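What follows is a single structure, written as structure tokens, with notes after it.
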Protein chains: 2
Amino acid sequence: MSDTLDAALRLMRAQAALVRRFDARLGGLHGVSLADFTLLLRLAQAPGGRMRRVDLAEALGLTASGVTRALAPLERIGLVSREPDARDARVAYASLTGTGRERLPEMLATAEETADELFAAPAWGERDVPVLAGLLTRLGGTGLRS
Amino acid sequence: MSDTLDAALRLMRAQAALVRRFDARLGGLHGVSLADFTLLLRLAQAPGGRMRRVDLAEALGLTASGVTRALAPLERIGLVSREPDARDARVAYASLTGTGRERLPEMLATAEETADELFAAPAWGERDVPVLAGLLTRLGGTGLRS
DNA sequence: CCCATAAACTTGAGTAGTCAAGGAATACGC
DNA sequence: GCGTATTCCTTGACTACTCAAGTTTATGGG
């Protein structure tokens, strides 16, 4: 097997392991999945804590339909709300609620702890994490297009 | 956001992009997903081209139930067959069929091409791929246990 | 102005996995 | 050996996506 294929397959395994850990921690402590948390984090980074669903899809690497479905439970539990656009009736914003804004920092703390554990010494040196991030950035498009 | 969390989230994005490319290529040319291909490849590496389903699950980072479901369509299209164990009636082997053995090399070639494209110069240098593989290996346990 | 096209979103159907429960067969302690 | 525990596997019910099709609203050319 080629080196490149080997690297790609290892990436798959690493991601699967990573998702399981994050889901376990975030789910146990805050009742959200890693996907939920990522969505909330993006929203929080957007001006006003709100985004058009289509832009959210692009930012998350999902389809529009995936965003519709991901948002539904978050709206149900009151972390996100749906807001119409005054100028364009087609668009619906997804917006962090007060509760969402309140809870996000605790989730972020949990996520950072989890990430720190994953990349803990002794296996991981100081420089390894940024190197890995750099390499991954070359791979991970910011969208769905091939 | 911490460096470690950033790296973890980039890993998620990179994997999503990667799966989409492999699925498109492998699906288009051979009618299998990346998950299917990975399963077939593991089988081919095992002595006799067969494995107990439970070991296959461990090797792939899936649950036993996931393996049952993944195997069903591969058995249906005749790439894998189910074989009983003479000594232990609980275990069922998954075994590459003749067709499976025939087709796998073509799939492997496609997968290697795809991986080579993903890691193509100029963005990727000679040493980058093994470095990435090394870093990923530290993350990706060989199983489901936390 | 009006029609055609395009954009934003939702919905139905399908795929890929999870977990929890359960059936059947083997292995172990005494 | 005999009952209990354990292993292997499958199944039902769920989550999280995908794609294709449809609805609604906006936009731009004649």
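This structure is a prediction, so every number in the text was calculated from the model and none was measured. Below, chains carry the letters A, B, ... as their sequence lines are ordered, and counting in each starts from 1.
One atom, CG of L34(A), and another, C1' of dT18(C), lie 16 Å apart when rounded to the nearest Å. D85(A) has its CG atom 19 Å from the P atom of dT24(D), to the nearest Å. Note: CZ (F37(B)) to P (dA16(C)) measures 16 Å, nearest angstrom. Atom CG in D23(B) sits roughly 9 Å away from atom P in dA16(C) (whole-Å rounding). When the P atom of dC17(D) is taken as reference, atom CD of Q15(A) falls 11 Å away, rounded to whole Å. For the pair R20(B) CZ and dT18(D) P, the computed distance is 6 Å after rounding to whole Å. Rounded to a whole Å, the CG atom of L71(B) is 17 Å from the P atom of dT15(C). Rounded to whole angstrom, the span from the CG atom of L60(B) across to the P atom of dT18(C) amounts to 10 Å.
Taking 4.0 Å as the cut-off between side-chain N and carboxylate O, E106(B) and R25(B) do not count as a salt-bridged pair. Between E113(A) and R21(A), no side-chain nitrogen of the basic residue sits less than 4.0 Å from a carboxylate oxygen of the acidic one, so the salt-bridge criterion is not met. In summary, R52(A) and D55(A) engage in a salt bridge, as defined by a charged side-chain N under 4.0 Å from a carboxylate O. Under a 4.0 Å N-O distance rule, the pair R90(A)/D85(A) does not qualify as a salt bridge.
Residue A89(B) is classed as a sugar-phosphate contact, given heavy-atom separations below 4.0 Å to backbone atoms only.
Side-chain contact between Y93(B) and L43(B) is absent, with no heavy atoms from C-beta onward closer than 4.5 Å. L39(B) places none of its side-chain heavy atoms less than 4.5 Å from the side chain of L62(B).
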Restricting both atoms to N or O, compile the protein contacts to nucleotides 2-8 of chain D shorter than 3.5 Å, with distance only.
from   : atom 1 : to     : atom 2 : distance (Å)
dT7(D) : O2     : R90(B) : NH1    : 2.8
dC8(D) : OP1    : R52(B) : NH1    : 3.1
dC8(D) : OP1    : R52(B) : NH2    : 2.7

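Taking only distance into account, the side chain of T63(B) never meets the base of dC19(C) through a donor-acceptor pair shorter than 3.5 Å. You won't find any donor-acceptor pair under 3.5 Å spanning the side chain of S65(B) and the base of dC9(D), going by distance alone. Remark: the R69(A) side chain and the dG14(C) base include no donor-acceptor N/O pair separated by less than 3.5 Å.
Within the 3.5 Å criterion, the main-chain N or O of S81(B) finds no donor-acceptor partner in the side chain of T97(B).
Phosphate proximity of dT10(C) to T68(A): present, with a side-chain N or O under 4.0 Å from OP1 or OP2. The side chain of R87(B) places no N or O atom within less than 4.0 Å of a non-bridging phosphate oxygen (OP1 or OP2) of dA25(C).
Using a 3.5 Å distance cut-off with no hydrogens or angles, the side chains of D23(B) and S33(B) do not pair a donor with an acceptor.
Annotation: R103(B), atom CZ; neighbour count of heavy atoms from other residues, nucleotides and ligands within 6.0 Å does not exceed 12.
Contacts of residues 73-81 of chain B with DNA chain C (heavy atom under 4.0 Å): none.
Listed here is the closest heavy atom pair of R13(A) and A59(B): NH1-O, 2.7 Å.
Heavy-atom distances to DNA chain D give each of D36(A) and A64(B) a nearest nucleotide, and the one nearer the 5′ end belongs to A64(B).
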